[in-house]
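Notes to accompany the following structure.
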Amino acid sequence: MSDGAHTSYEPQAIETRRQAAWRERDAFRTPAIAEEQPHRYIKPSAPFTSGNVHIGHVRSYSIGDAYARFWRARGDAVLFAFGFDAFGLPAELGAIAGGESPSDWVSRCANHMTSQLDRLGFSFDWERSFMSSDPIMYRWSQWLFLVLLDAGLVYRGTGNVDWCDTCQTTLATIQVENGLCWRCHNPVRLVQRPEWHLRVSAYVQENDRRLDELENWDENSLASQRFVLGRVDGVEVDLPAPDDGTLTVFTPHADALELARFVLISPKHPEIDTWAAEKGVRDRVEELRSSGIERSSRDAEAIPVIDTGHSVSAPVGGDPLPVLISPLVDGRYGVTAVFGIPEADSTDEMIAERLSAGASGRTAPSAAQAPASDHPPRASAARPAVRYRADDFSISRQRSWGTPIPIVHCEACGAVPVPHEQLPVLLPLDIKPTGTGNPLAESREFVETTCPRCDGPARRETDTLDCHFDALWLWVPACVPAEARGEALNDIFALRDLRHWLACERVVAGSDSGNFVFDQRIITKALRDLGHLTFLADGEPFAGCLFHEMVISDGRKMSKHLGNVVDPDTLVERYGADTVRLAVLYAARPQRALNWSDSAVLRCHRFLTQVWEYCHAQLAIAEELADGGPPGADGLAGQPARDTTEHLRLRLGKWCETAVEKVTEEMEGLEMHSAVRNVMRLFDRIKDFEKRVVARQGALGRSDSDALIEALGLLVQMLGPLAPHLAEELWIAFGNEEHAAQTPWPGVSFQVPA
Ligand SMILES: [Zn+2]
Ligand SMILES: [Zn+2]
């Protein structure tokens with residue numbers, strides 16, 4: 001082992017060799033179900049087929065991969081597979097830019113990204129990988145749509161969309177630049193059109209209630225769920241409304257009820273028609289609904305406030321309160337009615353000022369006015385209440401690269417669901433979006449069909465599902481072996497694999513995944529109640545969750561425009577995959593933004609180089625000692641006259657035990673940044689041990705060398721999940737066999753060689 005060829009650290013050669021060995025022995029194949037073996041499904045995020053793996057992906061998958069390898073090393077069965085979220089706008093824009101079909105674009109990007117991920121040595125089970133744009137996959141999205149439609153959880157509503165008259169197409173928000181079309185730079189109009197909506201509101205309360213039961217969720221991921229929920233605690237009061245009705249009005253300011261000056265109702269409030277009965281008011285509400293609430297919502301002062309002309313009794317006596325309608329409710333409290341209390345809320349204060357300015361021809365009573373005592377309060381007592389900002393949202397898009405919505409429009413029967421046995425409704429692959437029109441609607445072959453109900457001529461729905469809808473489901477396919485994915489959709493839930501691997505033990509994803517995860521939790525509860533995921537009694541798909549922050553540069557988001565993008569390929573080429581992976585783990589704890597600097601890469605590269613060279617040097621010494629070496633004073637080969645270093649060996653043993661204990665705990669808790677530091681510290685202590693022994697007795701004795709090799713072996717085992725190529729190569733150099741899946745994790749107890 002002492003020949004020079006093995007002692008210099010050459011990551012490219014090592015990594016090529018290890019990756020070939022992993023492929024050869026199929027190291028990361030999902031193990032067959034064995035009930036007695038502990039098992040866990042670790043879910044990485046499914047990226048868009050954007051074209052390139054960026055350094056943020058590297059961070060995400062390095063954390064997930066270290067965690068997966070750690071549990072394999074502990075002897076667990078691990079499911080760790082990967083898929084692409086391949087539908088949607090990024091692919092469509094990429095295809096337009098490249099003048100190709102989106103399907104060609106995504107398969108080209110997926111191939112490239114897969115080879116980048118492979119070069120980094122991530123231990124995905126590629127047999128279980130998937131593309132959301134494969135018919136066998138989007139068939140599941142279509143099935144999910146139909147099942148939710150049948151249950152009333154998907155419904156037809158209206159939405160406002162940006163529309164370009166020149167390009168004859170709807171635009172996504174990011175395609176509208178300062179009110180102009182990204183493509184032709186003409187002004188964009190907001191138009192109202194029918195859209196399919198997902199009724200998340202049905203499960204918002206349960207998503208809230210279950211939050212307390214989520215144990216292995218880190219603070220980032222829990223915070224994201226609370227943010228999406230937008231829970232507001234307060235009180236509600238029933239007020240008498242016209243025609244003997246009541247209006248339930250909410251406020252978070254329970255102690256300021258007597259300061260209420262008006263009542264504000266959301267335009268989407270279910271009883272809005274009662275309050276907007278007069279023609280003038282009704283017209284203005286209609287105008288409000290169709291004139292871009294979303295677009296102007298950033299500027300609260302510009303959002304319309306409509307005076308209904310009605311009043312209601314104040315909750316605790318005093319002048320009646322004017323009733324106003326405005327979307328200024330929704331963004332703060334969801335679809336509801338609230339008290340306007342200018343003294344307690346700055347938005348309410350702004351509304352009161354606008355009222356006083358006479359915009360409505362009526363002034364809000366001011367706090368200085370004496371309460372009118374001849375109006376006894378008829379309101380109910382205030383009772384505790386909760387409101388949520390989380391609300392139903394549109395799931396349909398007017399785009400050609402998406403899952404076709406399995407609906408047929410028939411003149412006689414209306415909107416008819418496609419029968420399950422006719423799924424999937426195939427998306428034509430020869431469509432080339434250009435940025436104008438709707439290519440799917442222009443494809444006669446796609447559009448013209450017969451009605452499943454009356455056999456008459458009918459037209460297919462030409463909206464597609466937003467890729468957010470596909471994502472509702474993307475935590476499931478990895479659990480289904482590729483050969484079972486074509487089975488009848490109802491039968492998928494009876495699959496032993498699915499029941500075995502779910503719930504997912506840990507999701508590792510970027511902190512911008514809060515909405516996805518929230519909605520995936522909603523859908524799980526819906527499918528449980530519909531009898532499909534009954535084995536997930538709490539309706540929670542993920543037992544644990546880690547949300548990491550992004551990688552930034554110079555304190556700013558990386559972008560081509562700023563010229564501060566870090567290219568993982570260049571780094572891997574120069575330093576090797578192990579260094580890049582170790583550096584992103586080392587540089588920051590997952591919950592913090594990683595502000596990129598090359599110093600972490602240099603530090604980690606130096607560390608790995610030293611570990612490599614030091615291990616080989618010590619192996620050479622051990623070999624010499626074993627071969628007889630220079631005899632000690634007592635004539636025994638490799639043994640000094642007197643054993644004066646036993647206490648040092650004992651101390652090394654303690655260090656090793658402490659390190660294993662700590663690093664084990666840190667790996668379990670996904671604190672890889674600390675784990676890397678503790679492994680580095682142990683390396684320093686091992687070198688320190690050698691230095692002290694040599695200072696004391698001139699050279700290592702055989703027991704010292706044995707202890708040192710033992711300690712290095714343990715260090716290499718702990719590096720297994722963190723720098724897997726180098727670790728396995730050293731593990732073999734130490735005389736061990738390749739392990740089927742992963743170098744085993746060390747036990748805490750360290751045997752000090754006598
Ligand atoms: Zn345009
Ligand atoms: Zn029909």
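Predicted model only: the values in this text are computed from it and were never measured. Nothing fancy with the numbering, it's 1 onward along the sequence. Numbering of ligands and ligand atoms starts at 1, following listing order.
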_D392 vs K268, test: salt bridge (Lys or Arg N to Asp or Glu O under 4.0 Å). Steps then yes/no._
CA-CA 11 Å; D392 301 351; K268 296 189 206 159; over 6 Å; no

*Do E206 and R528 sit within salt-bridge range, that is, some charged N less than 4.0 Å from a carboxylate O?*
yes

*Do E195 and S396 meet the criterion of a side-chain donor-acceptor pair at a distance under 3.5 Å?*
no

*asked:* To 10 degrees, how wide is the angle SG (C451) to the Zn ion (ligand 2) to SG (C410)?
replied: 110°

*Does W143 have its ring centroid less than 6.0 Å away from the ring centroid of F493?*
yes

_Ignoring waters, how many N, O or S atoms from the protein are under 2.8 Å from the Zn ion (ligand 1)?_
4

*Identify the two heavy atoms, one from L426 and one from P135, that lie closest to each other, and give their separation to 0.1 Å.*
CD2-CB, 3.7 Å

*asked:* Taking the ring of W196 and the ring of F145, is the distance between their centroids below 6.0 Å?
replied: yes

